[in-house]
2 protein chains.
Amino acid sequence: MTSLSTSARAVLAELTRRGRATRPQISQALSLSKPTVSTAMSELEELGLVREDGSVQGHTGRSALLWRIGEGAGHVLGVDVGVTRTRIHAHALSGERLLGVSRDVTSPASRSGAADLTASADAAGALLRETLPRLGDSGPLRQIVIALPTVVTDRDPAAASQSPEVHDMLKALSLPPAPLLLENNVNCAAVAEGNLGVAQDAAQFAYVQAGVRIGAALVIGGRLLRGASGWAGEVAHLPFPWDAGREPVPEGLERFLGAEHLLLRTAAAWPASEGAPPTSAEELFQRAGEGCPPAQRAVTEHATQVGRLVVAVVALIDPGLVVLGGGVGSNPLLVQGVQETLSTLSVPVEIRRSGLGATATVEGAAVLAREQALHRLIHA
Amino acid sequence: MTSLSTSARAVLAELTRRGRATRPQISQALSLSKPTVSTAMSELEELGLVREDGSVQGHTGRSALLWRIGEGAGHVLGVDVGVTRTRIHAHALSGERLLGVSRDVTSPASRSGAADLTASADAAGALLRETLPRLGDSGPLRQIVIALPTVVTDRDPAAASQSPEVHDMLKALSLPPAPLLLENNVNCAAVAEGNLGVAQDAAQFAYVQAGVRIGAALVIGGRLLRGASGWAGEVAHLPFPWDAGREPVPEGLERFLGAEHLLLRTAAAWPASEGAPPTSAEELFQRAGEGCPPAQRAVTEHATQVGRLVVAVVALIDPGLVVLGGGVGSNPLLVQGVQETLSTLSVPVEIRRSGLGATATVEGAAVLAREQALHRLIHA
DNA sequence: GTTAGTTAGGTCATTTACCTAACGAAGTAG
DNA sequence: CTACTTCGTTAGGTAAATGACCTAACTAAC
């Protein structure tokens, strides 16, 4: 493809920011003259990257044509290779969703919570092969982002597939040929919160996911903080307990704050008079909401501990906003307890609960894929 | 001043990166033609921003002239308003140091460790008035950065001086008219490590300062991570102890890891057979180095606790490199202990001790001032 | 000492990528 | 219908950067 002119790149970038826009709008936003915007737009139209889409009427004066990203710009895939369920979303480069499908991972490993990537990848691969033909003509596939429930040391699959586990997973997926990036699933969920969820207005925020496992992600100025080798946000490795006299356990926080251990602790403290203890986090929270005292005690205690993790995050990086997500973290009862724990802190911070649910990860992957594809189109 | 042309800006930026460079070097680095670089350089020379400085000989072919930032580019001031000592460094925009002076703060408050900004500002103001005339003709003063031992919520003094404490401090300083920014002292020290110290090769790193007080700073991609309201790195507010059964103390970590409490704990555990316990952190570390068992025990224990703080930093943001600084933190014995504590962690990380000493903060302030001044020259 | 080869640095016509000005087209307001 | 406003195109102009070419200055080798 011939390279775009500078002004065409600028116009394309502005158009992706606005979704739909008229040439006079773009002209004013970029401080470019009308002829310059017109020639740039023609250049983009000839490549199929933009197309006319209606016009603005009702104002005085001649009505302006509206423009948007066209079909020739192509589409992207977000793939969530999850432990219990795998999901695929396809988005056009214009931002509209073309497709969203999901499927359970049926494998013995999925119940223990251990990350059996191959089983998940098999499921995702099958789903992909059924789904891709349904996309029809949506232009070229420009980018795939795969969300993984593991630390992603190398986002570039060429480097990452030197690890046999990743290599096997990629083979099982049998992806169509397109640029590919790997990303951590918590990072993806955080991106979704920033673009589609409750953190859209925040310049920076922290995302803390509490569920079967516990993880965090940081977004600063719209960019993920990945760390020197992809380990940023892996709070499972925090020393816990952290006390002067006691030796902390490696992976201590994971064992302490994960859903499984929450249930074990709850069961241990459960009085016989209340019947059988809850067998899932959902049940525990439901019974706490119904006023069952031992369930309330367990939830309060757990919220306090998650709150201390949040305090640590806030004291270190002062995100201004913390979004709580995940099966346990997005529960309103938990959010309230976390807020109380934070009240002693002098750092100003807001807590919000995620409203995106289980699809946050795929949506984030799709957003990242679209961003990456647009970046390549615009800056190269 | 008339505005610079685009190519002149690019040439100036490249020249500040390289210090000294020839036109062909710049031409190649920026992919600009030789005539373009030459005209841009003439433009800069006419404004006094650059000047010839020797030539490169010994190579085959005609020898190229070397260029550097000139005197007309002016100079900047870094001011460290410290609790016990105040320092001022003046740097030319070329980077070379013009002046470095310091003075003790004589005030009752300085001994208790409480931040009496006014006393420090009085001392800094007096030092400034004596020092400025010595600068001679170094061109215009383009930027002042003041390092403060407090949280800096607003770097812009216009906004910050709404707080009476900051307002009084600025009044006591009676600064010459020039653009002014405030910055946290630990942040400044971290910048110094990244530009002049042991972190020059690191794309990102964390700086942990342990001394009378404890603080941290994060540098990502050459930029300070300041947080939403300037509280990033204020690890003093971390909950401690952090245990399931115990209630953490607000400001707990500060009380636990500060030098004063290290000495109190050491004295409490000091056996009568060893004579009087150490009265300063320097003495404690010296006696530990000489093989005194109770001193060694105290140092080891303290290193373990600092190590756990470092583990928390690493688990959250994976900096890849952690620089230990401050009166206590930069001691080799402490660094060793921290390294051992980190050995259980699966995140790859390197620990280095700061070699800059007590001037790190001013130097960082001067570096920030120079960066800011260059940024304004180049991008406006 | 001389000459060949290489690199620095300047001059000038040309291209590129914008801009402003002006005008017809297409809408609204009265 | 007339007056007015805004859109979008055409024509002409300009500043910045380029490529091609030349001279200057230096090194290496004979």
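Keep in mind that this is a model prediction, so the values were computed, not measured. Reckoned from all heavy atoms, side chains included, excluding hydrogens, waters and symmetry mates. Throughout, a chain's letter reflects where its sequence line sits, starting with A, and its residues are numbered from 1.
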Next item on the list: Please work out whether the ring planes of B:H91 and B:H89 are parallel, tilted or perpendicular, with thresholds of 30° and 60°.
Entry: parallel

Nearest whole Å is fine: how far is [N] [atom2] from [X] [atom1]?
X	N	atom1	atom2	result
B:E43	D:dA17	CD	C1'	13 Å
B:E52	C:dA8	CD	P	15 Å
A:M41	D:dG8	CE	P	9 Å
A:Q25	D:dT6	CD	C1'	13 Å

Notebook entry, point to check: Measuring from A:L12:CG to A:E14:CD, what's the distance to the nearest 0.5 Å?
Noted result: 10.5 Å

Notebook entry, point to check: Should we say atom CZ of B:R223 is surrounded by more than 12 heavy atoms from elsewhere, each under 6.0 Å from it?
Noted result: no

Check: For B:S138 and B:E71, does a side-chain donor sit closer than 3.5 Å to a side-chain acceptor?
Finding: no

Margin query: Name the residue from A:L15, A:V11, A:I378, A:L44 that meets the side chain to side chain contact (heavy atoms under 4.5 Å, CB included) definition with A:L49.
Written below: A:L44

Notebook entry, point to check: In the 5'-to-3' direction, what one-character label does each nucleotide of nucleotides 17-30 of chain C receive under the scheme B = base within less than 4.0 Å of a protein heavy atom, S = sugar-phosphate only, - = no such atom?
Noted result: -SBB---BBBBS--

Next item on the list: Check step by step if salt bridge (charged side-chain N to carboxylate O under 4.0 Å, His left out) holds for A:R68 and A:E52.
Entry: CA-CA 6 Å; A:R68 48 163 287 176; A:E52 280 182 37; over 6 Å; no

